[in-house]
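Letters A, B, ... are given to chains in the order of the sequence lines, protein chains preceding strands, and every chain is numbered from 1. Side-chain atoms are counted along with the backbone in the values below, which use heavy atoms only and exclude waters and symmetry mates.
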Amino acid sequence: MSDIPQDISHDQYAVRLKKLQDLRAAGSDPFRANCTQSHFSGDAKALYVEGQDNLVTVSVAGRLVTFRVQGGSSFVKIQDQQGPIQLYFRRDVLGEERYGEFKKSLDLGDIIGATGTLFKTKTGEITVRVDAFTLVSKALRPLPEKWHGLTDAEQVYRQRYLDLIVNPESRARLMMRSRIVASIRHTLESRKFLEVETPVLEGVAGGAAARPFVTHHNALGTDFFLRIALELRLKRLLVGGYDRVFEIGRIFRNEGISRKHNPEFTMLEVYQAYSDFQGMMDLVKAIFSNLCRDVIGTFEIKHAASGQMINFAGDWRTVRYFDLIDEAVGSKLSALRGTEGYRPAVIEAATKLGCEARDDWQTFEIVNEIFGKKIEPALIQPTFVTHLPKELCPLAKLNQQDPGLIDVFELCIGGMEVAPAYSEQNDPFVQREMFEAQAGEEKQNIDHDFLLALEHAMPPAGGMGVGIDRLCILLTGAESIRDVILFPSMRHSENKG
RNA sequence: GGGACGAUAGCUCAAUGGUAGAGCAGCAUCCUUUUAAGUUGUUGGUUCCGGGUUCGAAUCCCGGUCGUCCCA
């Protein structure tokens with residue numbers, strides 16, 4: 001252990017180190033192996049019987065977050081998973097020596113355990129009157145300031161534990177994410193879906209159009225891709241006879257980082273045999289309905305960006321993709337689909353709306369630029385956008401009336417695409433064609449093993465993907481994806497000693 | 001990848017190119033029902049890093065690191 005200089009009063013680390021050494025010298029372990037926690041803070045407070053002070057004994061444990069000494073009595077607060085609880089220390093209860101130790105050896109940020117009885121203070125706060133306490137784990141570093149909390153964005157993300165200790169909104173928001181995922185699991189399990197786990201390391205990164213991360217397996221002497229979607233593995237399970245499956249898993253896309261993008265993010269994908277995209281509408285509404293009831297506690301939430309109230313109750317709007325395009329353009333543009341005049345008309349419409357229309361873009365890409373820039377951001381209320389052009393998703397079933405369209409929906413809420421779903425393509429010949437059209441020259445990117453699986457027959461099915469992070473942004477009112485990811489991706493920082 | 005902005009005490013923030021400050025935390029003091037507790041006193045700085053301009057740089061210039069936002 002390092003030497004301590006004479007005047008350490010300004011150095012909070014040194015002051016705490018000195019206290020720690022004094023504890024050790026007195027034969028007390030400042031980092032205990034265990035401590036009794038009979039109740040969480042909230043559960044303990046719930047045991048208090050009105051007007052019956054000092055009857056119920058509890059043992060609580062947590063981090064010391066406020067420390068108010070007033071001569072012979074002191075109020076402190078500790079914080080555990082359920083939040084804060086106040087403790088009351090008295091000299092006449094603990095005795096001169098122990099009370100002195102309480103004042104001398106403890107600091108804000110320490111983890112302590114305390115046993116005592118519940119009572120209500122004259123200001124009405126249920127509090128533990130402490131009979132015995134233990135320093136369980138000594139904090140050598142001071143906590144950030146309590147009133148302003150921690151605001152430095154970099155420190156919030158890099159040292160999330162500090163953010164969680166001192167910023168109650170962050171605690172609540174990130175805990176809500178856990179409850180959101182639990183609620184979704186519960187909805188799916190109650191509908192007899194099996195939760196499965198499929199490989200992160202893949203030979204072919206399929207199921208979406210995105211740049212993958214590449215890594216290397218030493219023993220096999222070969223490169224692997226980190227998955228960019230769950231789709232092709234889960235559909236193999238439909239072939240294998242798992243009729244209802246889902247996975248909530250991390251996927252990786254080697255693209256930019258922004259308010260709405262993290263290189264690794266969480267996707268729910270669900271597949272239900274003998275269903276279709278319309279069955280997925282019912283399912284996603286059930287998922288949202290349960291989320292509203294069990295997690296949010298209301299069927300109306302405020303959309304952070306626009307201030308509008310988003311209403312999840314009642315019927316959700318269903319509208320065809322090209323109806324929205326025609327509406328935005330202000331003419332019957334879609335009637336020209338398949339004619340020679342279509343592309344020039346699309347370019348003119350896009351230009352008029354101030355959207356990009358690059359020469360090297362295909363026509364459907366220009367149309368989708370209009371959708372992405374002018375239409376999607378305005379879809380605040382839950383909206384199923386259906387009948388998209390087939391080029392946008394090569395894994396969906398073609399529409400029977402119009403084979404240029406696919407049987408899909410994009411669920412848009414709060415101006416974001418929250419969940420795409422479709423009737424799954426199960427015709428191996430069509431699937432191969434779609435793959436080849438998409439791959440272009442890069443034929444090695446085709447997942448031939450998946451096509452082989454389709455040749456063994458896949459039942460008709462509805463499938464859906466839900467971006468969990470974006471869902472959490474929506475439901476928590478967060479401004480950035482980093483606010484709903486515990487440890488967002490950051491550039492490496494040098495480790496400081 | 002491009003642009004704008006930012007980095008000062010443990011934390012939150014000040015500081016015309018002219019002695020780097022405050023609040024909280026810390027240290028010392030008084031206080032047996034407090035709620036950002038209060039009281040009296042007080043310590044604490046590689047101003048992100050490296051260059052440059054200047055009599056003099058937290059401040060101006062150049063380069064870098066990290067972050068935030070916007071754009072692609």
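For Lys19(A), a side-chain nitrogen or oxygen approaches OP1 or OP2 of rC27(B) to under 4.0 Å. Between Thr151(A) and the phosphate of rU12(B), there is a side-chain N or O to OP1/OP2 separation shorter than 4.0 Å. Listed pair Lys146(A) / rC11(B) fails the phosphate criterion, with no side-chain N or O lying under 4.0 Å from OP1 or OP2. Phosphate contact (OP1/OP2 of rU33(B), side-chain N/O of Arg129(A), threshold under 4.0 Å): absent. Note on Arg491(A): a side-chain N or O is less than 4.0 Å away from OP1 or OP2 of rG67(B). The side chain of Arg91(A) places no N or O atom within less than 4.0 Å of a non-bridging phosphate oxygen (OP1 or OP2) of rU32(B). One finds a side-chain N or O of Arg259(A) lying less than 4.0 angstrom from the OP1 or OP2 phosphate oxygen of rC70(B). Between rU34(B) and Arg68(A), no contact under 4.0 Å exists linking OP1 or OP2 to a side-chain N or O.
Whole-Å rounding puts the Glu125(A) CD to rA37(B) C1' distance at 13 Å. Arg482(A) places its CZ atom 13 Å from the C1' atom of rC66(B), with the value rounded to the nearest Å. Atom CD of Gln86(A) is separated from atom C1' of rA36(B) by 14 Å (rounded to the nearest Å). Following rounding to the nearest Å, Leu143(A) (CG) and rG10(B) (C1') show an atom-to-atom distance of 10 Å. Look at CG on Asp152(A): it is 13 Å from P on rC69(B), rounded to the nearest Å. For the pair Lys122(A) NZ and rU33(B) P, the interatomic distance rounds to 7 Å; values are reported in whole Å. Between the P atom of rU32(B) and the CZ atom of Phe102(A) lies a distance of 14 Å, rounded to the nearest Å. At whole-Å resolution of the value, CZ in Arg141(A) and P in rG26(B) are 17 Å apart.
Remark: the separation of the P atoms in rC11(B) and rU32(B) is 34 Å, to the nearest Å. rU59(B) and rU47(B) are spaced 10 Å apart, taking the C1' atom of each and rounding to whole Å. Comparing the same atom, C1', in rC31(B) and in rG38(B) gives a spacing of 9 Å after rounding to whole Å. Comparing the C1' positions of rU29(B) and rA20(B) gives a spacing of 29 Å, expressed to the nearest Å. Atom C1' of rU40(B) sits at a distance of 42 Å from the matching atom of rC49(B), rounded to the whole Å. Separation of the P atoms belonging to rU43(B) and rC13(B) is 25 Å when rounded to the nearest angstrom. For the C1' atoms, the distance from rG21(B) to rG44(B) is 13 Å, rounded to whole Å. The separation of rG6(B) from rU12(B), taken at their C1' atoms, amounts to 16 Å, rounded to a whole angstrom.
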query: For every nucleotide of nucleotides 39-46 of chain B, 5' to 3': is a protein heavy atom under 4.0 Å from its base (B), only from its sugar-phosphate (S), or from neither (-)?
result: ----BS--

statement: Per-nucleotide protein contact along nucleotides 1-8 of chain B, 5' to 3', at a 4.0 Å heavy-atom cut-off (B base, S sugar-phosphate only, - neither), is --------

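Within the model, atoms CD1 of Ile347(A) and OG1 of Thr363(A) stand 7.0 Å from one another, a figure rounded to the nearest 0.5 Å.
Nucleic acid contact class of Gln155(A) (heavy atoms, under 4.0 Å, all strands): sugar-phosphate only. Nucleic acid contact class of Val69(A) (heavy atoms, under 4.0 Å, all strands): base. Among the atoms of the strands shown, base atoms are found under 4.0 Å from some heavy atom of Phe119(A). Arg158(A) comes within 4.0 angstrom of sugar-phosphate atoms only, judged by non-hydrogen atoms across all strands, and of no base. Among the atoms of the strands shown, none is found under 4.0 Å from any heavy atom of Gly256(A). No engagement by Tyr13(A) is indicated, since no non-hydrogen atom pair under 4.0 Å with the nucleic acid exists.
A side-chain donor-acceptor contact under 3.5 Å links Tyr99(A) and Ser74(A). Side-chain contact annotation: Tyr48(A) with Asp53(A), donor-acceptor N/O pair under 3.5 Å present. For the 3.5 Å distance criterion, the side chains of Gln82(A) and Asp43(A) qualify, holding a donor opposite an acceptor. Side chains of Tyr157(A) and Asp483(A): a donor on one and an acceptor on the other come within 3.5 Å. A donor and an acceptor atom, one from each side chain of Thr115(A) and Ser59(A), are located under 3.5 Å apart.
In terms of polar N and O atoms assigned as donor or acceptor, the side chain of Arg90(A) comes within less than 3.5 Å of the base of rU32(B) in a complementary pairing. For rU33(B), its base never sits under 3.5 Å from the side chain of Ser73(A) at any donor and acceptor pair.
A cation-pi arrangement, defined by a distance under 6.0 Å to the six-membered ring centre and an angle within 45 degrees of its axis, is present between Arg337(A) and Phe322(A).
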- request: Mind running ring-ring contact (aromatic ring centres under 6.0 Å, His included) on Phe89(A) and Phe133(A) for me, showing each step along the way?
  value: CA-CA 9 Å; Phe89(A) 291 76; Phe133(A) 73 93; 5.5 Å; yes

query: Please walk me through it: do Tyr88(A) and Phe119(A) pass ring-ring contact (aromatic ring centres under 6.0 Å, His included)?
result: CA-CA 10 Å; Tyr88(A) 183 46; Phe119(A) 75 105; 5.6 Å; yes

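In the set rU34(B), rA36(B), rG26(B), rG26(B) carries the atom at the smallest distance from any side-chain atom of Gln12(A).
For the side-chain hydrogen bond (donor to acceptor under 3.5 Å, both in side chains) with Gln86(A), the lone residue among Thr127(A), Thr66(A), Thr121(A) that qualifies is Thr127(A). The side-chain contact (heavy atoms from CB on, under 4.5 Å) with Arg177(A) is formed by just one residue from the set Val295(A), Leu486(A), Ile485(A); it is Ile485(A).
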message: Give the dot-bracket line for RNA chain B from 5' end to 3' end: parentheses for intra-strand Watson-Crick or G-U pairs under 3.5 Å, square brackets for crossings, | for inter-strand pairing, dots for unpaired.
response: (((((((..((((....[..)))).(((.(.......).))).....(((((..]....)))))))))))).

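Judged by closest nucleotide on RNA chain B, Gly149(A) is the one of Gly72(A) and Gly149(A) placed further toward the 5' end. Annotation: of the two residues near RNA chain B, Gly71(A) and Leu108(A), the 5′-most nearest-nucleotide partner is Leu108(A).
Between Leu230(A) and Met267(A), the shortest heavy-atom distance links the atoms CD1-O, 3.6 Å. Heavy atoms only, all atoms of each residue included: Ile446(A) and Glu436(A) are closest at CD1-CG, 3.6 Å. Heavy atoms only, all atoms of each residue included: Pro212(A) and Leu226(A) are closest at CB-O, 4.1 Å.
The aromatic ring centres of Phe213(A) and Phe224(A) sit 6.0 Å or more apart.
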